[in-house]
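Bear in mind that the values here come from a model prediction, so they are computed numbers and not experimental data. Whatever order the structure lists them in is the order used to number ligands and atoms, beginning at 1.
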Amino acid sequence: MTPKDWQGKCSLVREHFLSEAAKAASAEALEAVKVACLGRKGELTELLKSLKDFSLEDKKTLGPLGNALKQELSALFDAREAALKASELEAGLMADASDVTLPPYPFQRGRLHPLTLATRRIAGILERLGFAWADGPHVETERYNFDALNIPQNHPARAMQDTFYLNGPCRDKRLLRTHTSSVQIRYMEGRKPPLRIISPGRVFRKDALDASHSPVFHQVEGLYVDKNVSMADLKSTLTSLMRGLFGPKARIRFRPSFFPFVEPGVEVDATCSFCSGGARCPVCKGTGWLEMGGAGMVHPNVLKAVDIDPEQWSGFAFGMGIERLAMLDYGVNDIRAFYENDVRVLRQF
Ligand code: PHE
C-alpha cells in the first residue's frame with residue numbers, strides 16, 4: 001500500500017463513519033458504530049495499525065493524519081451520543097408525564113398528635129371544673145422557675161446537670177423552664193384571688209432520651225387559690241380528673257412527698273387502669289397504683305412572693321406529666337414514639 005492509498009482509505013473511513021453516526025437512531029446503535037470504527041478490531045484501529053509497515057519518513061507524515069482523524073471521529077461520536085441520550089430522556093419523561101395541576105385525590109386528612117389529644121382531654125375535664133387555660137414562656141428567668149417558688153439557690157434542681165441555661169447578654173440568667181410551675185408565679189403576679197388555672201406545656205431537663213425519659217416533655221400545671229381551699233379540694237379535683245380520663249372506678253391516693261413550693265407536698269398515685277390490682281401487671285408492677293405527678297398546698301412563701309396574703313388566702317397546686325398520662329391511656333410503651341413523628345404511628349390516633 002502506498003502512502004497515497006492509505007490516505008485514500010482514511011477519507012473513505014471518515015466519510016463512512018460520518019454518515020453511519022448520523023444514521024444511528026439510538027445510543028445503542030451508535031455504540032455499535034463506535035465499536036466498528038474505534039474498537040479493538042475497528043476499521044480505523046486496523047488502519048492505524050497498518051502504519052507500522054511504512055517507512056519512518058512516511059510514518060512521520062501519515063501518523064499525525066491518522067491521529068487527527070481518530071480524534072475527530074471520537075469527538076463526533078461523543079457529541080452524537082450526548083444528543084441521543086438527551087432526546088431519549090425527554091421521550092421517557094414525555095411517556096409517563098403527569099399533570100401536576102390535577103387535584104391530589106384521594107385527600108389524606110391530617111390528624112391531631114396524640115399529645116395534643118391527651119392535653120385537650122385533660123384540659124377539657126379541668127375546664128368543666130372551672131379552670132382557665134393559662135400560658136407561659138419556655139425561656140424563663142431564675143425568678144419564675146426557682147426563686148419565687150421557694151427553691152433556694154443551693155437546691156439540687158438548680159444544678160447545671162438538670163437545667164438548660166442559656167448564654168446571652170441578659171443580666172438575669174435565662175433558662176429553659178424545668179416545670180410548668182413557673183406559670184403559677186406569672187399568673188399570680190399582679191392578680192388577686194380567687195384564681196383557678198391550668199397550664200399545659202413543654203418543659204426541659206437534661207435527661208438522656210430513653211424509653212421513659214426525654215429532655216423535652218410536657219406537663220400540665222393546676223393552681224387554685226381562694227378562701228379556705230383545702231387538701232380535700234385538691235383530692236376531689238384530682239379524683240375528677242382521673243375518673244374523667246380512666247373511668248368512674250378510678251381512685252387516687254396521696255403519698256407524703258417534698259416540693260419546696262408546697263406544704264404539705266404529696267405524690268399522687270392513681271389506680272392502675274390496666275389491671276384490677278394484685279395481678280402480675282407489667283405496667284404497675286403488681287402494686288395496683290401508678291404515679292401521676294406531684295401536688296400540695298401552695299407554700300406561704302410562694303404566695304408572699306407574689307403579694308398574696310397567706311393569712312387570708314390558701315391554694316393547691318399540682319403538676320402532671322402529659323406523656324405519662326398519654327402512654328397509659330393509649331397503651332404506648334416507648335415515649336420516643338411521640339417525638340419521632342412516624343406517620344405509621346401518628347395515623348393510629
Ligand atoms: N413542679 C413539680 C415537678 O415538676 C410538680 C409539682 C407541681 C409538684 C405542683 C407540686 C405542685 O416535679
Side-chain angles (χ1 to χ4, degrees), residues 119 122-123 126 129 131 133-138 140-152 155-159 161-164 175-188 195-207 212-226 229-239 241-242 252-270 290-303 305-306 308 310 313-325 335:
T119 304
I122 295 164
L126 291 166
L129 296 177
F131 288 80
W133 184 304
D135 268 325
H138 294 161
E140 272 297 5
T141 61
E142 295 197 291
R143 164 170 160 74
Y144 292 103
N145 199 77
F146 296 129
D147 296 310
L149 284 164
N150 197 35
I151 303 176
H155 192 278
R158 283 171 98 125
Q161 64 264 30
D162 293 319
T163 307
F164 288 105
L175 50 87
L176 296 177
R177 68 178 183 189
T178 58
H179 53 186
T180 43
S181 298
S182 54
V183 186
Q184 289 186 31
I185 305 302
R186 286 203 173 261
Y187 195 79
M188 286 193 285
L195 306 167
R196 190 153 35 173
I197 55 148
I198 49 163
S199 185
R202 216 165 265 183
V203 299
F204 309 83
R205 286 181 202 176
K206 284 196 175 174
D207 276 332
S212 53
H213 296 88
S214 163
V216 183
F217 59 103
H218 298 76
Q219 285 186 329
V220 57
E221 193 80 6
L223 174 72
Y224 177 33
V225 183
D226 204 338
V229 176
S230 73
M231 274 311 250
D233 298 309
L234 172 61
K235 202 158 187 180
S236 80
T237 300
L238 291 177
T239 301
L241 174 60
M242 294 309 159
I252 61 164
R253 74 175 182 188
F254 286 166
R255 278 179 293 115
S257 187
F258 175 75
F259 301 94
F261 34 94
V262 286
E263 180 57 38
V266 295
E267 206 95 44
V268 185
D269 294 344
L290 295 167
E291 283 177 30
M292 305 309 302
M297 301 307 294
V298 179
H299 197 289
N301 289 348
V302 174
L303 295 174
V306 290
I308 293 176
W313 305 97
S314 60
F316 69 66
F318 60 84
M320 310 270 155
I322 294 178
E323 276 80 351
R324 171 125 192 122
L325 287 166
I335 201 169

What short N/O contacts, under 3.5 Å, does ligand 1 make with the protein, listed by atom pair and distance?
| from | atom 1 | to | atom 2 | distance (Å) |
| --- | --- | --- | --- | --- |
| ligand 1 | 1 (N) | His179 | ND1 | 3.0 |
| ligand 1 | 1 (N) | Ser181 | OG | 3.0 |
| ligand 1 | 4 (O) | Arg205 | NH2 | 2.9 |
| ligand 1 | 4 (O) | Gln219 | NE2 | 2.9 |

Report summary line: Paired with Arg158, the side chain to side chain donor-acceptor pair (under 3.5 Å) test is passed by just one of Thr178, Thr163, Asp147, namely Asp147

Query raised in the report: Is a side-chain donor or acceptor of Ser182 paired with a backbone partner of Tyr144 at a separation under 3.5 angstrom?
Result: no

Query - Qualifying residue for side chain to side chain contact (heavy atoms under 4.5 Å, CB included) with Glu221, from Thr180, Val203, Ile197, Ile198 - result: Thr180

**Report entry** Donor-acceptor under 3.5 Å (Asp269 side chain, Arg255 main chain)
**Finding:** no

Report task. Taking the side chain as every heavy atom from C-beta outward, state whether Val225 and Tyr187 have any pair of such atoms under 4.5 Å apart. Result -> no

Query raised in the report: Pick one: which of Arg177, His179, Arg186 meets side chain to side chain donor-acceptor pair (under 3.5 Å) with Glu140?
Result: Arg186

